[in-house]
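Below is one structure; the comments refer to it alone.
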Amino acid sequence: MKIKWCGNSYYMIEKDNVTIAIDPHDGYSLNLKPCYVDADYIIITHNHYDHNAVEMSYGNKTKEIIRDIVGEKRIDNIRIEFYEMAHDKNGGKIFGKVKAFSLITDGIKIVNLSDIGEKFNEFIKEVFSPVDILMIPVGGVTTINYLEAIEYIENLKPKIVLPMHYWIKGSTLPYDSIDKLVNSINYKKIFMNSNEVNIDLNTLPNDIQVFILKYN
């Protein structure tokens, strides 16, 4: 399985010639480079401009745009469970709600927390544990910040952490950079030379590792 990151919260998961795009942005609105893909499925976790640029992932292969779902969804032998979470610490009264989800394929469980803003709680632990790969916002301002993200990591104990939704060079978004997280954790940190990582069930680490993908 290959996971590719196009900045902000825009991830792609590729497995057995099936591509799932998650929360695509158009690049231009964030002063970032556009990132096009012909995805089989497009997941939109909430309808904010930096997460809903469907046109960046829509092509001849596209079978379905998945949004506004709570509960189970199955696509090409992949099981996805969506849960509604608050985008802020006031129950969604400021920024609304998001659809965080778990995705299971080939025995690997990926959890994407979207733009979650609420603090870690037992419900989140109940619905998402255990976790193999955790996609988690760390930039603060409109989501949890790096310290709150650390609390999530410590409680969910994923094998691999993929940070997202943080400031990167050139971006117009006022988030914290990845440095605040990196300088605050003792977990093994792996700085990738590209924006892609290949992950296999048999090579998942035993202890928590944080992968910082390079924005290209």
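Reckoned from all heavy atoms, side chains included, excluding hydrogens, waters and symmetry mates.
- Expressed to the nearest 0.5 Å, how far CD of E84 lies from NE2 of H46 amounts to 12.5 Å.
- Residue F120 is grouped with residue M164 when hydrophobic side chains (ILVMFWY) are merged at heavy-atom distances under 4.5 angstrom, including chains of intermediate members.
- No side-chain heavy atom of Y187 sits under 4.5 Å from any side-chain heavy atom of D207.
- Of all the heavy atoms in P163 and I178, the pair that sits closest is CB-CD1, 3.7 Å.
- Closest approach of V18 to D40, counting heavy atoms only: CA-OD1, 3.4 Å.
- Residues W5 and Y215 are in side-chain contact: their nearest non-hydrogen atoms beyond the backbone lie under 4.5 Å apart.
- Classified by interplanar angle (parallel below 30°, tilted 30° to 60°, perpendicular above 60°), the ring pair F128/Y83 is perpendicular.
- With N90 contributing its side chain and G92 its backbone, the two residues share no donor-acceptor pair below 3.5 Å.
- Using a 3.5 Å distance cut-off with no hydrogens or angles, the side chains of H25 and N8 do not pair a donor with an acceptor.
- M1 approaches I13 most closely through the heavy-atom pair SD-CG2, 3.7 Å.
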Tabulate below the donor-acceptor pairs under 3.5 Å that side-chain atoms of residues 153-160 make, not counting sequence neighbours, or state none.
{"from": "N155", "atom 1": "ND2", "to": "E151", "atom 2": "O", "distance (Å)": "2.8"}
{"from": "K157", "atom 1": "NZ", "to": "E154", "atom 2": "O", "distance (Å)": "2.8"}

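- Side-chain contact, D23 with T45: a donor N or O sits under 3.5 Å from an acceptor N or O.
- The ring-ring contact (aromatic ring centres under 6.0 Å, His included) search around Y175 returns H165, not counting sequence neighbours.
- In this structure, the side chains of I20 and I75 come closer than 4.5 Å at one or more pairs of heavy atoms.
- A 4.5 Å side-chain heavy-atom check between K61 and Y41 finds every atom pair outside the cut-off.
- Neither I78 nor M12 shares a network with the other; the hydrophobic side chains, linked directly or stepwise wherever heavy atoms of I, L, V, M, F, W or Y lie under 4.5 Å apart, form separate groups for each.
- Remark: the backbone N or O of E64 is not paired with any side-chain donor or acceptor of T62 at under 3.5 angstrom.
- Counting only heavy atoms from C-beta outward, the side chains of M56 and P34 approach each other to under 4.5 Å.
- Scored by the salt bridge (charged side-chain N to carboxylate O under 4.0 Å, His left out) test, K180 finds D176 as partners (sequence neighbours excluded).
- Listed here is the closest heavy atom pair of P24 and I44: CD-CD1, 3.7 Å.
- Counting only heavy atoms from C-beta outward, the side chains of Y166 and I212 approach each other to under 4.5 Å.
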List, one per line, each side-chain donor-acceptor pair under 3.5 Å for residues 65-72, sequence neighbours excluded.
{"from": "E72", "atom 1": "OE2", "to": "R74", "atom 2": "NE", "distance (Å)": "2.8"}
{"from": "E72", "atom 1": "OE2", "to": "R74", "atom 2": "NH2", "distance (Å)": "3.4"}

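- Side-chain contact of H48 with D115: a donor-acceptor pair under 3.5 Å is absent, judged by distance alone.
- With no hydrogens or angles considered, a side-chain donor-acceptor pair links S57 and Y10 at under 3.5 Å.
- D88 meets the side chain to side chain donor-acceptor pair (under 3.5 Å) test with no other residue; sequence neighbours excluded.
- We find the CG-CG distance between D16 and D106 to be 6.0 Å, quoted to the nearest 0.5 Å.
- Side-chain contact annotation: S29 with D26, donor-acceptor N/O pair under 3.5 Å present.
- Here the closest heavy-atom approach between residue L30 and residue D50 is recorded as CD2-CB, 3.8 Å.
- Under the 4.5 Å side-chain heavy-atom criterion for Ile, Leu, Val, Met, Phe, Trp and Tyr, I42 and I22 are members of distinct hydrophobic clusters.
- The list of disulfide bond (SG atoms under 2.5 Å apart) pairs with a residue in residues 103-212, not counting sequence neighbours, is empty.
- Stacking of K189 on the aromatic ring of F211 is not recorded, the 6.0 Å distance cut-off and the 45° axial limit not both being met.
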